[in-house]
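Written out below as structure tokens is the structure these notes cover.
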Amino acid sequence: MKSAMGILSVAIAIGASLVSTMAWADADEGIQEIVVTAQRRPESSMRVPIAVTAISQDELESRGIQNVSEMSNLVPTLEVNSAFGDTQPNFTLRGVGMANEHNPNQASPIGIYFDDAYIAARADQGMQLFDLERVEVLEGPQGTLYGRNTTGGAINFISRMPSLQAGSDGYAEAGYATYNTFSARGAFETTLQDGIAGVRIAFSTAHGDGFNKDVYPSEPAANSTDNDAVRLIYKVKPDERWDVTLKLTAGNADPTQAGVYNLGTGPNGLNTTLNTSRQAQGLSFWEIDSARLGYNSLQNWGSELVTKFKINDALALTWLQSYDTANAAFTQEGTGENSTVLAQPLDTLYGNKFTMLNEELRLSYDSDLTKAQGGIYYGFDEDKSNSYYWLLDGGADIHQDFDQVRNSRAIFGQVDQTLVSTLIATVGLRYTRDDQEYKNYYSYVEPAAVSYTGQRNTAPQYWVPSQGSFVLGSYDAATGQIVSGSPYTLNSDAVTGRAALSYTFSNGELVYASFGRGYRPGAFCGQCFLNNPINLTAPETDDAYELGTKSYFFDRKFKFTGDLFWINYKNQQTDEQIGLQTILHNVPKSRMRGVEFEATVQPIPEFRAGLSAAYIDAIYQDLTLALATLNGVQQPYVPRNSGSAWFDWQFATYQGGKFTFAPNLSYQSHVYFSPYNGLAGNGPLSNPQNTKLNAEVSYATDKYSVKFWGKNLADRQTFADGLDLRSFGYYYLVQAPPRTYGVTFGVKF
């Protein structure tokens, strides 16, 4: 904890240095107030006794963030990783995350919400970020007000809504970037009746080649860009008491699979199983040699209806309903190398059809001294999984099928009571009941004659169950049907909640202390196709303690937020790769502790800068896996130190337009992708410490704009994820993007 206190001292020193040395010029206005709905009601982010970061669409774009996979360092303790390129990201906040669990059937400990509606399917969370009002990132367990209990935090993507002001307006942007990437996005809004009804439609499209060149003849580049999305929002306020919003969304994506950096376990990176070597082939860092490159195909659509009714000046009722579907088919040649020994060393097809439903009814009360809300919640999601694995030239050709159904019910309430002056006490409780079922499941191993033709997103029709050896389920020769195994169930409940005390000093500084308990239900192993019975885990809980402060200084020209946190974790879920299997485990005890801060300075209207940093000590306190005891080992996907710095400088004007320079720098220390954290031969599954630079130069008038941007300008060679596949002779690593740059033109109308 000495390191944590040291970083906080450095943060305070930096703030003091800025205060004492900067020539503060008079400004028409200071740093703008950001209104958030972190507690399900509009309030200033600086008045909320929660570690919450809100960032607008404009800020996302100036920092080069256009999709969810680029959100690392959006807040100091946020990491985003994926073994599938931009698809199906893993989120980690304050050391709490999915670790190396990549099965799509799992629920993330970081709740992902789209306009307050929970998105259960992880394959549906790699969304494009366009036409948003803001993104809110809440750190720490969310065990009271949010749709599903989570142990790590919540990220809420909030759409830009129709304003209901008379007239019509909109914008459009088009851009071109490296790897022949064309993108366009825009929105159009019109008011159907002034102050009463309006509609807004927004779209995003991007298509381009991948940044991983595939040297195998006639194969496309890996990690390509291919996505389209559209959103329509209809809003109506027939009078001051009613507010109804209907949202419809649709999306389609079909990019090539992530490139695989095949680091062999033999001398000089030799893969002795495949008899391949990147070094011997002379492949560059961003090159692969894959004969059957896969695709990440995803189609989704959804609807959401939010009805608000103001009963009187103090009472209001909100009813949220949402329904979403997502169809995913991820194919992959998982070695990234053209083997001279095996024709089909590792080919997979992950097929998943998701259905998601949310129903939430909330009643809120608001007076001068008391603010309260309570409600009931019901959530349903189903995953129909159908997957194929072609391994080692038929050494283990496996077909796996299952249906997973989850039902979550909750009743919750929270009260914020002003005790004396500006001392506010917060108490919230939630009771949750989760019922899960794993059914219609089977898995069998086919004879070696079965082979994969390479036709993407298409399962072979010639698999014959009667010739297979069943691991789960069985084949009934009399009926010619597969007989599923008996259903598995996981039922659990929990009481969670939050308690906090906050005090606002006369100068506006907020200090708070809080305690929160989070809960995540147990899980079914998504790839236990060779285990009978399958692997199950118990529910996990965590207790989080936090001490924080938020304040403006010097007429709102300097803003500072800082937090100390300590999390005690029980039964944290983690993953271990053993041969062909991924096995879920419960960690009896683990702990995260750390410190973070964010500072923003705006001495004059034309210049704004920010600095953020975090230190996290996240360890397993009691964990033994197959190869080692890991007590005291730093957890994966958690850099001990991370930070970012940025500024926006309007450095010149010309004919009514402004030139702006907006660079940003991000740093993270060494990160491991395995729970072993370098032990038992897992050292190569990691990403070295690195610093990356992005920048944007733009010129904008009230109507037109042009932006020149670049990402990873120093062309740092880093990894986005990794898996232990030493049973196939190599470490599976995924390259992060190289240097990219482009230009974007925009018009407002």
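Put simply, CG on L74 and OG on S72 are 9.0 Å apart, with the number rounded to the nearest 0.5 Å. Of the inter-residue distances, the one linking I616 atom CD1 with S642 atom OG reads 6.0 Å to the nearest 0.5 angstrom. Rounded to the nearest 0.5 Å, atoms NZ (K550) and CZ (R47) are 8.5 Å apart. Considering CD of E596 and OG1 of T77, their distance stands at 4.5 Å, rounded to 0.5 Å. One distance of note links OG of S108 with CE of M98; it measures 6.0 Å at 0.5 Å rounding. Atoms CE and CD1, on M46 and I34 in that order, are 9.0 Å from each other to the nearest 0.5 Å.
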Run the numbers on T325 and T355 for side-chain hydrogen bond (donor to acceptor under 3.5 Å, both in side chains), then give the verdict. CA-CA 5 Å; T325 67; T355 302; over 6 Å; no
List the steps and the verdict of ring-ring contact (aromatic ring centres under 6.0 Å, His included) for F157 and F114. CA-CA 5 Å; F157 301 91; F114 191 6; 7.2 Å; no
Could you check D542 against R517 for salt bridge (Lys or Arg N to Asp or Glu O under 4.0 Å), going step by step and ending with a plain yes or no? CA-CA 6 Å; D542 64 347; R517 168 164 289 186; over 6 Å; no
Q39 and Q414: CA distance, side-chain angles, deciding distance, side-chain hydrogen bond (donor to acceptor under 3.5 Å, both in side chains) verdict: CA-CA 9 Å; Q39 297 191 111; Q414 178 172 303; 3.1 Å; yes
Show your working on side chain to side chain contact (heavy atoms under 4.5 Å, CB included) between F412 and L429 and close with a plain yes or no. CA-CA 6 Å; F412 59 90; L429 286 174; over 6 Å; no
Test R433 against D435 for salt bridge (Lys or Arg N to Asp or Glu O under 4.0 Å), laying out the working first. CA-CA 7 Å; R433 169 74 183 189; D435 298 310; 2.9 Å; yes
Assess whether side-chain hydrogen bond (donor to acceptor under 3.5 Å, both in side chains) is satisfied between D401 and Y442, documenting all intermediate values. CA-CA 6 Å; D401 207 341; Y442 59 85; 3.1 Å; yes
Take T549 and E509, measure what side-chain hydrogen bond (donor to acceptor under 3.5 Å, both in side chains) needs, and give me the verdict at the end. CA-CA 7 Å; T549 182; E509 180 180 4; 2.9 Å; yes
Please report the C-alpha distance between D403 and K353 in whole Å, then the side-chain angles of each, then the deciding distance to 0.1 Å, and finally whether the salt bridge (Lys or Arg N to Asp or Glu O under 4.0 Å) criterion is met. CA-CA 9 Å; D403 295 343; K353 294 184 178 181; over 6 Å; no
Would K439 and E382 count as a salt bridge (Lys or Arg N to Asp or Glu O under 4.0 Å) here? Give the steps. CA-CA 11 Å; K439 60 183 181 179; E382 181 180 38; 5.3 Å; no
Decide yes or no on ring-ring contact (aromatic ring centres under 6.0 Å, His included) for F673 and F719, but give the supporting numbers first. CA-CA 10 Å; F673 301 136; F719 293 110; 7.4 Å; no
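Atom CG of L419 is surrounded by more than 12 heavy atoms from other residues, nucleotides or ligands within 6.0 Å.
Nearest heavy atom pair, residue N682 against residue S674, reads OD1-OG, 3.3 Å. In terms of heavy atoms, F565 sits closest to V595 at CE2-N, 3.8 Å. The minimum heavy-atom distance between L630 and P675, with the atom names listed, is CD1-O, 3.4 Å.
A distance-only check finds no donor-acceptor pair linking the side chain of T150 to the backbone of G152 [under 3.5 Å]. Side-chain atoms of R134 come within 3.5 Å of backbone atoms of V35 as a donor-acceptor pair (strictly under, hydrogens ignored). Using modelled atom types, one side-chain atom of E136 and one backbone atom of T37 make a donor-acceptor pair closer than 3.5 Å. Counting only distance, with no hydrogens or angles, the side chain of N586 and the backbone of A538 share a donor-acceptor pair below 3.5 Å. Within the 3.5 Å criterion, the main-chain N or O of F524 finds a donor-acceptor partner in the side chain of N105. Judged purely by atom type and a 3.5 angstrom limit, S669 uses its side chain to pair as donor or acceptor with the backbone of R640.
Side-chain contact between V96 and I567 is present, with heavy atoms from C-beta onward closer than 4.5 Å. With a 4.5 Å cut-off on side-chain heavy atoms, Q573 and V587 do not count as touching. Residues V415 and T426 are not in side-chain contact: their nearest non-hydrogen atoms beyond the backbone lie 4.5 Å or more apart. By the 4.5 Å heavy-atom criterion applied to side chains, P104 and F330 are not counted as neighbours. With a 4.5 Å cut-off on side-chain heavy atoms, T144 and N149 do not count as touching. Counting only heavy atoms from C-beta outward, the side chains of D124 and R122 never approach each other to under 4.5 Å. Using a 4.5 Å heavy-atom threshold, the side chains of D563 and L547 count as separate. Residues Y569 and Q621 are not in side-chain contact: their nearest non-hydrogen atoms beyond the backbone lie 4.5 Å or more apart.
Judged by distance alone, the side chains of S69 and S82 never bring a donor and an acceptor atom under 3.5 Å apart. With no hydrogens or angles considered, a side-chain donor-acceptor pair links T151 and E540 at under 3.5 Å. S385 and D383 form no side-chain donor-acceptor contact under 3.5 Å, judged by distance and modelled atom types alone.
When N535, D575, N103 are each tested for a side chain to side chain donor-acceptor pair (under 3.5 Å) with Q527, only one passes: N103.
In this structure, R591 forms a cation-pi arrangement with W566, its terminal cationic atom sitting closer than 6.0 Å to the ring centre and no more than 45° off the ring axis. At least one test fails for R406 against the ring of F380: distance under 6.0 Å to the centre or angle within 45° of the axis. Both the sub-6.0 Å distance and the 45° axial angle are satisfied by R40 relative to the ring of Y146.
The six-membered or imidazole ring of F515 lies near that of Y545, with a centre-to-centre distance under 6.0 Å. When ring centroids are compared, Y438 and F402 come within the 6.0 Å threshold.
Electrostatic pairing of E546 and R94 counts as a salt bridge here, judged by a charged N lying under 4.0 Å from a carboxylate O.
Every pair tested for salt bridge (charged side-chain N to carboxylate O under 4.0 Å, His left out) that includes a residue from residues 523-537 fails, sequence neighbours excluded, so the list is empty.
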